[in-house]
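The structure appears below as structure tokens.
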Amino acid sequence: MKRQKIVIALGGNAIQSGDASAKAQQMALEKTAEQLVGLVEAGNDIIISHGNGPQVGNILLQQKAADCEKNPAMPLDTCGAMSQGMIGYWLENAMDKALAKRKIEKEVVGIVTRVVVDENDPAFINPTKPIGPFYTKEEAEKMISETGASVKEDAGRGWRKVVPSPKPISIQEHRSINTLVEDGKIVISTGGGGIPVVVKDGELVGVEAVIDKDFASEKLAELVDADILLILTAVDNIYINYNKPNQQLLDKVGTSDLKGYAEEGQFAPGSMLPKVEAAIQFAESREGRTTIITSLDQVVAALEGKAGTRVSMEYNKMYSA
Ligand SMILES: Nc1ncnc2c1ncn2[C@@H]1O[C@H](COP(=O)(O)OP(=O)(O)O)[C@@H](O)[C@H]1O
Ligand SMILES: NC(=O)OP(=O)(O)O
């Protein structure tokens, strides 16, 4: 396999599947790291990013539960930073352990990453990013009437608190991230989509938001000039007519066809749609760039072209030729 620079966006199931305890999440990340090390063993340079929706929502609830004069609740940008540090720390330990098992000597470095957004992004007046635990419809309605909270249905899975999710414009630490990866380090960065900041009077100021980690990973992949954006989630492939009797797996798809499928409404907003949009954006950002969407189990096979969905402009030409 040719050596490639890969930005990996880890989906929720790589960190947490039900049990939100530290132990369970650390164990999930150990399994995740075992798979990711396969990419390092094959000689690739990797930068790992990850989601934080469940974790940042839980941290926010913990803040509110403890809120008092001597122990004030922290704002959402700071909760995002906490989730980034927490998951980054677990991931560093998990990667170290998996590397040691395979006798690979590589340093793992976590970077606290700030992501610049636009303070006029329309997302600030239309919160859409689900965070924290799931609620029933009845619980959600009670929360809305009692607290005025923004709570919405999340892709058919239940009801969750929603917060603004502005689009990433730039990644403050991208040059240092690239220096580290070029120096052979495994870098963990842009966790939870990055800590959202806006530029005010020449300074970076945190804002109440959670950036989508697939969009932030895409931005990072462009900025570090990655070859591949690897989006890992719970399914092996993207499908059209997903979960219907005529479901069809996509293995290689051109960005033009994928845009068409998205316009048809093939991808659920809030779950597969942001991944598809990020996939198209990266694949179209420059000739030769590929996005792969697959599951953790298929990660090495997908890099070898034997699994997963590959998105590239190359396939537009192939099918229109
Ligand atoms: N057309 C589709 N093809 C594949 N998966 C889809 C599709 N539409 C919706 N999905 C769902 O989207 C999920 C991925 O979104 P989500 O769980 O939000 O991502 P994450 O892994 O980042 O937490 C898949 O596990 C699948 O259930
Ligand atoms: N920040 C973010 O996109 O997290 P999730 O992937 O967990 O929703």
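Computed from a predicted structure; not experimentally measured. Ligands are counted one by one from 1 in listed order, and the atoms in each one are counted from 1 as well.
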Short side-chain to backbone donor-acceptor contact, Thr294 and Val299, under 3.5 Å: no

Within the protein, residues bringing a heavy atom under 4.0 Å of ligand 1, chain by chain: Gly11, Gly12, Arg157, Lys213, Thr233, Ala234, Val235, Asn237, Ile238, Tyr239, Tyr242, Gln266, Phe267, Ala268, Gly270, Ser271, Met272, Lys275

Hydrophobic cluster partners of Ile125 (side-chain heavy atoms under 4.5 Å): none

Side-chain heavy atoms under 4.5 Å apart, restricted to Ile/Leu/Val/Met/Phe/Trp/Tyr: what other residues fall into the cluster of Val197, or is it alone? Val116, Val199, Leu204

Under a 4.0 Å threshold between the charged nitrogen and the carboxylate oxygen, would [Y] count as salt-bridged to [X]?
| X | Y | value |
| --- | --- | --- |
| Glu284 | Lys259 | yes |
| Lys5 | Glu182 | yes |
| Lys137 | Glu153 | no |

Is it the case that the side chains of Thr190 and Ser49 hold a donor-acceptor pair, with the cut-off being a distance below 3.5 Å and no angle test? no

Between Ser165 and Asp212, do the side chains contain a donor N or O and an acceptor N or O under 3.5 Å apart? no

Quick one: is the NZ or CZ of Lys167 closer than 6.0 Å to the six-membered ring centre of Phe215, and within 45° of its axis? yes

Could you pull out every protein residue that has a heavy atom closer than 4.0 Å to ligand 2, ordered by chain and then number? Gly51, Asn52, Gly53, Pro54, Lys129, Gly192, Val210, Ile211, Asp212, Lys213

